[in-house]
Peer 1: 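Quick one: structure below, then a few questions.
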Amino acid sequence: MQPTPEILQVAYRTMRTIRSFEEKLIELVNQGKLGGFLHACIGQEAIAAAVCAHLKDNDHVASTHRGHGHCIAKGVDVRGMMAELFGRSTGTCRGRGGSMHIADLEKGMLGANGIVGAGIPLATGAALSAKLRKTGGVGVAMFGDGASNQGAFHESLNMAANWKLPALYVCENNGWGEFTPTEFVVPVKDIAERARSYAMNAMIADGMDFFDVYAKAGEAIARARRGEGPTLLECKTYRFMGHYVGDPLVYRAKADADEWINNRDPLKLFETRVTSEGLLAADNLRSIDEEVTERITEAVKSAQAAPFPDAGELMQDVYAVG
Amino acid sequence: MQPTPEILQVAYRTMRTIRSFEEKLIELVNQGKLGGFLHACIGQEAIAAAVCAHLKDNDHVASTHRGHGHCIAKGVDVRGMMAELFGRSTGTCRGRGGSMHIADLEKGMLGANGIVGAGIPLATGAALSAKLRKTGGVGVAMFGDGASNQGAFHESLNMAANWKLPALYVCENNGWGEFTPTEFVVPVKDIAERARSYAMNAMIADGMDFFDVYAKAGEAIARARRGEGPTLLECKTYRFMGHYVGDPLVYRAKADADEWINNRDPLKLFETRVTSEGLLAADNLRSIDEEVTERITEAVKSAQAAPFPDAGELMQDVYAVG
Amino acid sequence: MADQASQTREPREIPTAFAIAEALRIAMASDPTVILMGEDVAGGGRRPEGTDEMGGIMSVTRGLVGDFPSQVLDTPISEMGILGTAVGAAVTGMRPVVELMFMDFIGTCLDPLLNQASKFRYMFGGKARIPLTVRTVTGAGMQAAAQHSQSLYWMTAGIPGLKTVIPSNAADAKGLLLAAIRCDDPVVFCEPKGILFLSTDVPEGDYEVPIGKANIVRAGSDVSLVGMGATVGMALAAAAELERDGISAEVLDLRSLAPLDEEAILTTLAKTGRLVVVDEATPRCGIASDVAALCVDKGFDLLNGPVRRVTAAMCPVPFTRVLEEAYMPSTARILEAVRGLL
Amino acid sequence: MADQASQTREPREIPTAFAIAEALRIAMASDPTVILMGEDVAGGGRRPEGTDEMGGIMSVTRGLVGDFPSQVLDTPISEMGILGTAVGAAVTGMRPVVELMFMDFIGTCLDPLLNQASKFRYMFGGKARIPLTVRTVTGAGMQAAAQHSQSLYWMTAGIPGLKTVIPSNAADAKGLLLAAIRCDDPVVFCEPKGILFLSTDVPEGDYEVPIGKANIVRAGSDVSLVGMGATVGMALAAAAELERDGISAEVLDLRSLAPLDEEAILTTLAKTGRLVVVDEATPRCGIASDVAALCVDKGFDLLNGPVRRVTAAMCPVPFTRVLEEAYMPSTARILEAVRGLL
Ligand SMILES: Cc1ncc(C[n+]2csc(CCOP(=O)(O)OP(=O)(O)O)c2C)c(N)n1
Ligand SMILES: Cc1ncc(C[n+]2csc(CCOP(=O)(O)OP(=O)(O)O)c2C)c(N)n1
Ligand SMILES: [Mg+2]
Ligand SMILES: [Mg+2]
């Protein structure tokens, strides 16, 4: 599956937006301007961009604590997201959710999630819903290598395979769960191996290579839409930053990280390929960069200018009825 | 691994005791003399007998709702068990546990368990304990095909494989979870397949053939004791009776069941083999039968004669301290 | 529609289990997005010739799969997966009804209720609907022992964003379940063992019993007995007995444990000044304490004496009959509590 | 050993987090069967040259793996597996301490507590010891939002067979944790965010604070303020403020949520006749209701007015500061409650 230049342009904009959005957050946290627990996905942008390139608003994505990238790639407005992180009433969740709970059901984003593994059954349910309502949609779970050790992973994949649901399970294997290397807690080399337990289709992609993820996710999603059942797609990647913004990173050898950061940056790899193959011009990318920078700057400005919710709203919307 | 005649004799006594114990229960329930939820393991006796033939009191077994066989094979006294089912103060658990909670820690029996899958991490913990305390013991989980769909299965096997624990996971695949055929809810043919998710050793045995289970469990347990890590041993078997005592069995084609009951009875298969190979004499088996019948009859009698606990004991032993 | 119950018609006594099935049937027929998911709810689905399905361990859902083949889904034994999947389906256009066989199993699948279904609407800024119903069997009395006899509704009643209801009779079961299924909030619907096979007069057709409203099942003036689920019957029996002694007891059936009908509780307290709350659950952190705490807070001036809680004992549910009886609340213990107050 | 705390010596102020580490260190050194299990408790274990470990998300256990290499076990992110394994280890000779990173995650691993650890001793006829401790972080105030800020100790306090304790300061944290680890019953040890990084004077050496005993942290005669964990500090601040108005408030720190020290609660009520209970948890089915219910039951004759509950709001924990503050109990809300009573 070969992406068109239009798709590549959108994908680059997505990846650059994720990168700039999170670089800005880190800056804001360092300045003491943002509170809460924030998890940056810098280094993993290609996966979100490539998977979501195949999705429409009636396809649903369930995400994780490291969810900014998935939200942006799924079309959630960055102004709303930024306002959310600032806790403003103009935020995507009116300031009530924060980083770990950004959701936008109209865009098919079922939410970041603070519970590791919890998004996996949610996406499974969206897939069941799509199948029963015959919408043609798919349910996509994005989750980490660590989440594949949760019971919810096992139970969901078994159900999805058993019912041949239109689902895609994207494991972003970044080599770490918080401060613990994946190989300390997972005795198999590839998480994709686990699909066999459910006779499920499995693929492994280079998560730093937009093109590889794009092709494999595309194949899996097409398969799901054809009613041929779910796929477990493992994407090998790396978490460039710490587990959370502020992580002192004492536990990781800098040289190991630098190896990835310097040589395997998904944005750089993308740029090298599209320019060398003449798919997109460097100018084009630079003007996207500028446009993105402007959008992010503007988002911060408008967020900071927006009002906080009123304390009197505390008990609103606990229930839909009564 | 070839069992000695002594082992075969013990094994036959175990299997016959399980069969007679449960046949008696069914009779008692039909006479309205026993209450509670009872699950018979008739048809699956060879597995309990063969696995436990390799175990000592400092090896631990965690069982299931269908636990009578595992308890008997692990050496729990049938008089205490019978008294327990009658709710008497002489019961294994002083009448407080009932069928689904018979446990005898001195015998290394961690308990039947009313929660499907819950025994799997318990056995894993016993294996961890054995490893850390260097007792040379193993932890064994007995569980059904249905339990392999629980998150606890996945999480436990991953941990056990990761830590190379001296554990054995025995899946008694009897083709049913309550009233639902296994193939309706599990998309793989063999549960043993699931060991790959943890790079764990796996074996499949004919659960109706004592000799096959004995050999494979023996190998797995020896391996565990040598510090080479856990094994998932799937035993193909069949539940001769309903899910619970009283089950109307409307959902199962009688012919299918009869096929197993008539041709694959583990006690009959055992007898044919040991007598035809001259390992044990038919007389010998018949005298064991008689001895067992007598023990069970006596157990019922003594249970019925034993006192109920006093209502004043209600709040005893909620805590060890205070 | 609730008043349909009071129209003149032939009385029709059916057990609670049948009333529940009727509600499921009406809900599925009237809305194709209503699906029923759970272990053995179809008894394994379509069978070979000459066999029949079970319809769950209590046979409550027997026969439904035949009439609603695409709306009844047998699942693996994977409670976390089932509930999580149901939440995902609920926020994307379905109206799932999950059967959690016994509420004791909630320990295997609490997260989708605790951190997902209950919080989405609030956390997402008011932008989600979660029309999820969880049906689950509660209570002791069948010698089902420590892991199949608990009344854990206090766990869900204590979680903001969930609703928890419990009927005391077949007619309420039908109407409350219909209301729960059609509610856009996640609702836990408890099916107490003590009433599942008891019959009461159940109206035909489609009606709802509103969530959040308690019900005076017997008027009285000397003492208020507040019950829920199976304890309403115990309270009524106690009231009948007290009447012989010339004591007039009012019996309030909470019906809804969350939200709690505070007004109804304070109203009956205002009438009698004395209150006994009867709960099948263990005493700590439960509905009984909430009722008592309400009385001593907003109802302090109405109180003519202590508020007594008649509950299960603070221990696991014992198997043997003699201990199980001592464990459970009973009419005798209600009488003892009332007599201590007067 | 508890009285060691009162011996004359240099005061040594350390944060609660350090006091907890000290307790773990003492427990592991004095008993090789004590093991610490959890996600990242070693920060991933032994590292390559030039790197260091984290010791958990709150850095509480930093440095322990170096000194107790075979007693500190990093686990996968598998709470159900971890807790179930710990229960299995506890009944077979170990004394495990499990770190459940945030109590909000209990929805992924409740069964080993609800149906296993809490019930084994009773259900097995008194023949099991379950020396298991679960350490877990509770509470709001760090903008950690709805799934990382809950005070769910009411869930474990409501389960018969478990014990639940919560310290209000560093010294109690150390002594309560040592008592919990050495207790042959399963104990949930809560680590409130609000006190984790506050320092108080902590005795050196080995001492235990007994489980099941509340502690009067300030004597008074006009009103009783009953707190637990982080709300004790709020109550003390309120008491100081009230003193300026000539109101004498007694502050009782529950320390132990289950078992509840009923005698201590009734004793302070007898002294003051007025009681406000302050709890970081949501109001339904919680400790605050239990305390109030106790007062209106066994303490009815001692009451000079309503019992007020100052708790979190009955909604998910909001992210934005202004709502999170409105959500939480506070000194101001305690003062308001007290002034409403007098
Ligand atoms: C059920 C649960 N357990 C533990 C945590 C704490 N936690 C948050 S992120 C994280 C690591 C997740 O690792 P992985 O799934 O690989 O995702 P990554 O952070 O690498 O993107 C942990 C343990 C949690 N939020 N939820
Ligand atoms: C967590 C949990 N879910 C559901 C049940 C109800 N239940 C009891 S036994 C059973 C079937 C178990 O099937 P399997 O594991 O294959 O064991 P078998 O009964 O066939 O021996 C079910 C669903 C339970 N006890 N616990
Ligand atoms: Mg990871
Ligand atoms: Mg089975």
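Residue numbers begin at 1 in each chain, while the letters A, B, ... track the order of the sequences.
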Peer 1: Heavy atom to heavy atom, less than 4.5 Å: which residues from residues 88-107 of chain A reach chain D?
Peer 2: A:Gly95, A:Arg96, A:Gly97, A:Gly98, A:Met100, A:His101
Peer 1: Is the shortest side-chain heavy-atom distance between A:Asn113 and A:Phe143 below 4.5 Å?
Peer 2: no
Peer 1: Report which part of D:Glu79 has an atom under 4.5 Å of a heavy atom belonging to chain A: side chain, backbone, both, or neither.
Peer 2: both
Peer 1: Tell me which of these, D:Gly56, D:Ser78, D:Pro318, has more heavy-atom pairs under 4.5 Å with chain A than the rest.
Peer 2: D:Ser78
Peer 1: Could you give me the CA-CA distance, side-chain angles and deciding distance for A:Arg194 and A:Val188, then say whether side chain to side chain contact (heavy atoms under 4.5 Å, CB included) is met?
Peer 2: CA-CA 9 Å; A:Arg194 298 188 162 176; A:Val188 278; 4.0 Å; yes
Peer 1: Can you tell me which portion of A:Tyr244 sits under 4.5 Å from chain D's heavy atoms? Options are side chain, backbone, both or neither.
Peer 2: side chain
Peer 1: Do we see a donor-acceptor contact under 3.5 Å between the side chains of D:Asn115 and D:Asp111?
Peer 2: yes
Peer 1: Counting heavy-atom pairs under 4.5 Å to chain D, which of A:Ile115, A:Asp247, A:Leu249 comes out on top?
Peer 2: A:Ile115
Peer 1: Side chain, backbone, both or neither: which part of D:Thr108 has a non-hydrogen atom closer than 4.5 Å to chain A?
Peer 2: side chain
Peer 1: So does D:Glu336 pair up with D:Arg333, basic N to acidic O under 4.0 Å?
Peer 2: no
Peer 1: Under a 3.5 Å threshold, yes or no: a donor from one side chain and an acceptor from the other, between D:Asp279 and D:Tyr153?
Peer 2: yes
Peer 1: Going through the distances and angles, do A:Met81 and A:Phe21 end up as a side chain to side chain contact (heavy atoms under 4.5 Å, CB included)?
Peer 2: CA-CA 10 Å; A:Met81 287 177 62; A:Phe21 183 85; 3.8 Å; yes
Peer 1: Against chain A, label D:Met142 side chain, backbone, both or neither, depending on which of its atoms sit under 4.5 Å from a heavy atom there.
Peer 2: both
Peer 1: Applying side chain to side chain contact (heavy atoms under 4.5 Å, CB included) to D:Ile57 and D:Phe102, what does each step give before you reach the verdict?
Peer 2: CA-CA 10 Å; D:Ile57 192 79; D:Phe102 292 94; 4.1 Å; yes
Peer 1: Considering only heavy atoms and a distance below 4.5 Å, find which of D:Glu39, D:Met80, D:Met101 pairs most often with chain A.
Peer 2: D:Met101
Peer 1: Considering all heavy atoms of both residues, which atom of D:Glu53 and which atom of D:Arg62 are nearest to each other, and what is their separation?
Peer 2: O-NE, 3.2 Å
Peer 1: When you check the side-chain N and O atoms of D:Arg284 and D:Ser289, is any donor under 3.5 Å from an acceptor?
Peer 2: no
